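Structure first, then comments.
Numbering of ligands and ligand atoms starts at 1, following listing order. Worth saying up front: this structure is predicted, and the values here are computed from it rather than measured.
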Amino acid sequence: MQYFSGRFKEKASDLILDFHSSIDFDKRLYRYDIMGSIAHARMLAHKEIIPAEDAKLIEKTLKEILREIEKGKIPFSREYEDIHMNIEKILTDRIGEPGKKLHTARSRNDQIAVDMKLFAKDEAMKVRSQLLDMMSLLTGLAKDHTETYMPGFTHLQKAQPVTFAHYLMAYAEMFRRDNLRIKNAFELLDACPLGSAALAGVTYPIDREYTAKLLGFECPNWNSLDGVSDRDYLVELMNAFALIMVHMSRLCEEIVIFTSNDYGYLELSDQFATGSSIMPQKKNPDAAELIRGKCGRVFGDLQSLLTTLKGIPLAYNKDLQEDKEVFFDALDTVKGCLLVLHGMLETMTVRKETMLAAASKGFMGATDVADYLTKKGMSFRDAYKLVGSMVTWCMDHGYTLDNLPLEEYKRFSKLFYHDIYKEIATETSVERRKSPGGPARKSVRKHIQFMEKFIRNAAPEIEGYKLNDIL
Ligand code: ARG
């Protein structure tokens, strides 16, 4: 490789060129690389380290190169290893001497560190925006379903009735935390590594505040060794991505269950379902299963980066190049899954009647019967035991708690009166659970209001976000 030609007598083997080269994947950082270079060139001129006219020419040419890359007119070469050297080579081929001055007081080590941070900031905001869309969708759906009663489960056994709104808002809450998790990671990453150079800063009078500000960072980072080797923010973002996948996967697992023949609570639109090549009757939730399945990649990507980082001595080591493919893969997967899940939820049909019928079966009023007795003076433990024996008796004799005649109720306890039927009706059972966070309309509406306010407040920061565009 010509770049290192000063030190080396022999040409690098093709095998090693291919092995080192990251251009096939880091080319997607071209925009951020050019932003970093322009900020660096302006700073060099501002500090009179290079002539102002050279910096101007560098900036003008880099912008031309950017436009050509965007039109697909620039072929990158593996011979120049990565995006940094490819762009620098194209620049120097075009403008000669001034182009060779760009790398003054800089190393590829701080260059890649700044590129990756700029990319991560830009993309993290896009994921936050998708999360916000998901939260709006879930909250909007919840508003329509505060009276759509359905079974609530523990151990996937019918437990107590809830509403579909209550259920959806549980997921809105998970995605809200995911959103904040990315925001936290974003705040921690907001220090600019440019100027850390190879590992030990530079001997030139650079202005790191100036470049940090130009690129929209809060400040320069404090330590050059850390500046070139910090990839914590990628771990944090990928941790947030992994949890988003966990949340989507849980929801998808329920989509698979709830669209199955025996449940039938939900039906996917034809657009988001698939058929079978042999069984004509099938309508399969493949997309939900794929989202569930793709968790494996994202968890693997996170694990892979953690493992890469754990034994790296300070400061830069080539191992760090392994951060890119895993981060890109996790990011692309999470964005793709959020998009598909949004479409799937937006177009599905909710079978209210089926949900209600399911909520009325399965002895889900049992806790309410026990509470009824407790409120009339029996201790909860005695009531619990008595109702347990009532359930067994009903099952043996083909009754449910709502069609068990009053005289049978009375045989179990004199405390039962006719009002027991109202007490165990699904609607009453849900609406009485108006403790904060519970499924009653009143409680869920409060949560919906809170969520709407959260979305309203977060939207300007997220939708209005733009990297400092020095291009
Ligand atoms: N492609 C490299 C990476 O992604 C850029 C930095 C290379 N630095 C070096 N000293 N080899 O990590």
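For atom 7 (C) of ligand 1, the closest non-hydrogen atom on the protein side is Tyr316 OH, 3.5 Å. For atom 11 (N) of ligand 1, the closest non-hydrogen atom on the protein side is Arg108 NH2, 3.3 Å. The protein non-hydrogen atom at the shortest distance from atom 10 (N) of ligand 1 is Asn109 OD1, 3.0 Å.
The closest approach between any non-hydrogen atom of Glu81 and ligand 1 is not below 4.0 Å. In this structure, His84 has a heavy atom closer than 4.0 Å to ligand 1.
Across every non-hydrogen atom of Leu189 and Lys117, the tightest pair is O-NZ, 3.1 Å.
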Side chain to side chain contact (heavy atoms under 4.5 Å, CB included) evaluation trace for Arg208 with Asn221: CA-CA 9 Å; Arg208 296 194 59 204; Asn221 71 285; 2.7 Å; yes
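The ligand atoms of ligand 1 that sit less than 4.0 angstrom from a heavy atom of Lys324 are 3 (C), 4 (O), 12 (O). Atoms of ligand 1 found under 4.0 Å from any heavy atom of Asp82, numbered from 1 in the order shown, are 1 (N), 2 (C), 5 (C). Using a 4.0 Å cut-off to heavy atoms of Gln321, the atoms of ligand 1 that qualify are 1 (N), 2 (C), 3 (C), 4 (O), 12 (O). Distances below 4.0 Å separate heavy atoms of Ser22 from the following atoms of ligand 1: 1 (N).
The residue from Thr274, Thr259, Val256 that alone fulfils the side chain to side chain contact (heavy atoms under 4.5 Å, CB included) condition with Asn284 is Thr274.
Remark: Lys158 NZ is packed, more than 12 non-hydrogen atoms of other residues, nucleotides or ligands lying under 6.0 Å away. A 6.0 Å sphere centred on NZ of Lys126 holds more than 12 heavy atoms belonging to other residues, nucleotides or ligands.
We find that Glu209 and Lys213 are not joined by a salt bridge, their nearest charged nitrogen and carboxylate oxygen being 4.0 Å or further apart.
One finds the CZ atom of Arg31 at 8.5 Å from the CD1 atom of Ile34 (value rounded to the nearest 0.5 Å).
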